[in-house]
Amino acid sequence: MGFMDGHERTWSWAASPAEAEARRREADELVGQRIHQIRYFTLDYEREERHPDLMGTGPRLIDAEAEWTTPTWLYKGFDALDYGVEIATDSGAWFSLTWDPPGDEEGIGLQPVAMLGSGVSSDADVAVWDVGERAASWAPLFGQQVTRIDLHYVPYDEARGSLWCRWITFHSGAGHVEVIMGDAEKSALVPSSDNVAVLHPGVPFPDWFHHHG
């Protein structure tokens, strides 16, 4: 599939409040930095049809306008990403947001690393979309300085004291961006444990989101 082995990646789930705070500190490395590039990582749904010669060759950067006309990740009110998003700053730093493999340690997390080789295998046949100004969902953040990041941790197993994060908010002087665990099903935003959804500005959270966890 392309994702990294679960034993190599636990970015979100926290065994204790102290561990959750440690993850918040890692995410806070992005605060104060200006966003220079935003890239989506998805399954390469159209590779076999459009570029059969590239099968098995690793990541493919989407650069043809024909594919940008109808992006595979774009839906009414949200973007749905199979793997996640990668953010680069003017200082040259990289940050990635993806999901922990489903099971006892679920959630979405943000880490100060590039996506390839961490959230996604470096040789995976994934599609890479340099969304930048093209994605309306990131308009409040692209080109802006990050002022705050909220990792919304909630109890996962109260008896054990563990927590999970299924919702991350990015803030800038121009607004905020909401990222949740979610996927598209018949064009509707639905719950998911292995997919990332970015809400478009002004779009409310789905009714089901506040009723789980």
Side-chain angles (χ1 to χ4, degrees), residues 11-12 20 23-42 62 68 71-91 93-100 107-115 118-120 127-154 164-184 187-192 194-210 212-213:
W11 289 13
S12 167
R23 300 207 182 282
R24 288 190 176 100
R25 288 195 296 272
E26 291 169 337
D28 281 347
E29 293 182 31
L30 180 54
V31 175
Q33 301 206 50
R34 190 173 301 277
I35 304 303
H36 171 70
Q37 184 182 48
I38 300 172
R39 303 202 303 176
Y40 284 174
F41 285 72
T42 69
I62 306 302
W68 279 101
T72 58
W73 44 264
L74 180 61
Y75 295 87
K76 184 178 180 180
F78 67 99
D79 303 337
L81 317 176
D82 304 289
Y83 298 113
V85 58
E86 179 184 73
I87 296 171
T89 72
D90 281 351
S91 69
W94 294 90
F95 293 80
S96 296
L97 187 160
T98 191
W99 43 269
D100 287 344
I108 54 174
L110 180 72
Q111 290 284 301
V113 294
M115 182 68 84
S118 55
V120 178
V128 182
W129 306 75
D130 189 350
V131 296
E133 294 179 323
R134 293 179 183 255
S137 48
W138 290 95
L141 207 70
F142 184 71
Q144 301 293 320
Q145 185 180 63
V146 180
T147 57
R148 191 172 89 239
I149 296 175
D150 294 325
L151 303 184
H152 301 277
Y153 272 97
V154 295
W164 64 323
C165 175
R166 61 194 185 99
W167 167 28
I168 297 176
T169 307
F170 296 85
H171 298 268
S172 77
H176 63 276
V177 177
E178 306 285 10
V179 184
I180 66 174
M181 296 175 70
D183 199 356
S187 297
L189 181 56
V190 298
S192 175
D194 59 0
N195 209 84
V196 175
V198 185
L199 302 183
H200 292 178
V203 173
F205 285 88
D207 291 339
W208 53 260
F209 186 80
H210 295 289
H212 295 264

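Hydrogens, waters and symmetry mates play no part in the numbers below; they use all other heavy atoms, side chains included. One-based numbering along the sequence shown. None of the values given here were measured: they were computed from a predicted structure.
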Output for pair (Glu133 CD, Trp138 CH2), nearest 0.5 Å, gives 15.0 Å
Where is the tightest heavy-atom contact between Asp194 and Trp99, given as atom of each residue plus distance? O-NE1, 3.3 Å
Within this structure, what is the CD-OH distance for the pair Glu86 and Tyr40, rounded to the nearest 0.5 Å? 13.0 Å
What are the two closest heavy atoms between Ser187 and Tyr75, and how far apart are they? CA-CD2, 3.9 Å
Would you check if the side chain of Trp94 reaches a backbone N or O of Gln111 as a donor-acceptor pair within less than 3.5 Å? no
Using a 4.5 Å cut-off on heavy atoms from C-beta on, say whether the side chain of Val85 contacts that of Val196. no
Taking all non-hydrogen atoms of both residues into account, name the closest pair between Val113 and Ser118 and its distance. CG2-OG, 3.6 Å
Output for pair (Thr72 OG1, Asp82 CG), nearest 0.5 Å, gives 7.0 Å
Which of Thr89, Ile35, Val177 passes side chain to side chain contact (heavy atoms under 4.5 Å, CB included) with Val146? It is Ile35
Once ring pair (Phe, Tyr, Trp, His ring centres under 6.0 Å) is applied, do any residues pair with Phe41, and if so which ones, sequence neighbours excluded? none
Do the non-hydrogen side-chain atoms of Ser96 and Trp11 ever get within less than 4.5 Å of each other? yes
So do the side chains of Trp164 and Met181 get within less than 4.5 Å of each other, counting heavy atoms only? yes
Minimum heavy-atom separation for Pro140 and Ala174, please, with both atom names. O-CB, 3.6 Å
Checking the side chain of Arg166 only, and the main-chain atoms of Phe209 only, is there a donor and an acceptor separated by less than 3.5 Å? yes
Interatomic distance, CZ@Arg23 vs CG@Asp28, rounded to 0.5 Å, equals 14.0 Å
When every non-hydrogen atom of Ser192 is compared with those of Gly182, the smallest separation belongs to CB-C, 3.7 Å
Glu29 backbone acceptor or donor facing Gln33 side chain under 3.5 Å: yes
When rounded to the nearest 0.5 angstrom, what is the spacing between CZ in Phe78 and CG in Leu199? 9.0 Å
Measure the shortest side-chain to side-chain distance between Asp90 and Gln145 over non-hydrogen atoms and say whether it is less than 4.5 angstrom. no
Taking Asp130 for its side chain and Arg39 for its backbone only, find out whether a donor-acceptor pair lies under 3.5 Å. no
Test item: Asp150 side-chain N/O and Ile168 main-chain N/O as donor-acceptor pair under 3.5 Å: no
Closest contact, heavy atoms only, Met115 versus Leu97: CE-O, 3.5 Å
Between CD1 on residue Ile180 and CG on residue Leu189, distance to nearest 0.5 Å: 5.0 Å
Look at the side chain of Trp73 and the backbone N and O of Asp79, then say whether any donor-acceptor pair between them is shorter than 3.5 Å. no
Do any N or O atoms from the side chain of Tyr153 and from the backbone of Ser12 form a donor-acceptor pair under 3.5 angstrom? yes
Under 3.5 Å: donor-acceptor pair, side chain of Trp129, backbone of Trp68: no
Under 3.5 Å, side chain of Asp183 to main-chain N/O of Val190, donor-acceptor pair present? no
Neighbour count >12 (heavy atoms, 6.0 Å) for atom NE2, His36: no
Please tell me if the side chains of Ile149 and Leu110 come closer than 4.5 Å, counting only heavy atoms from C-beta onward. yes
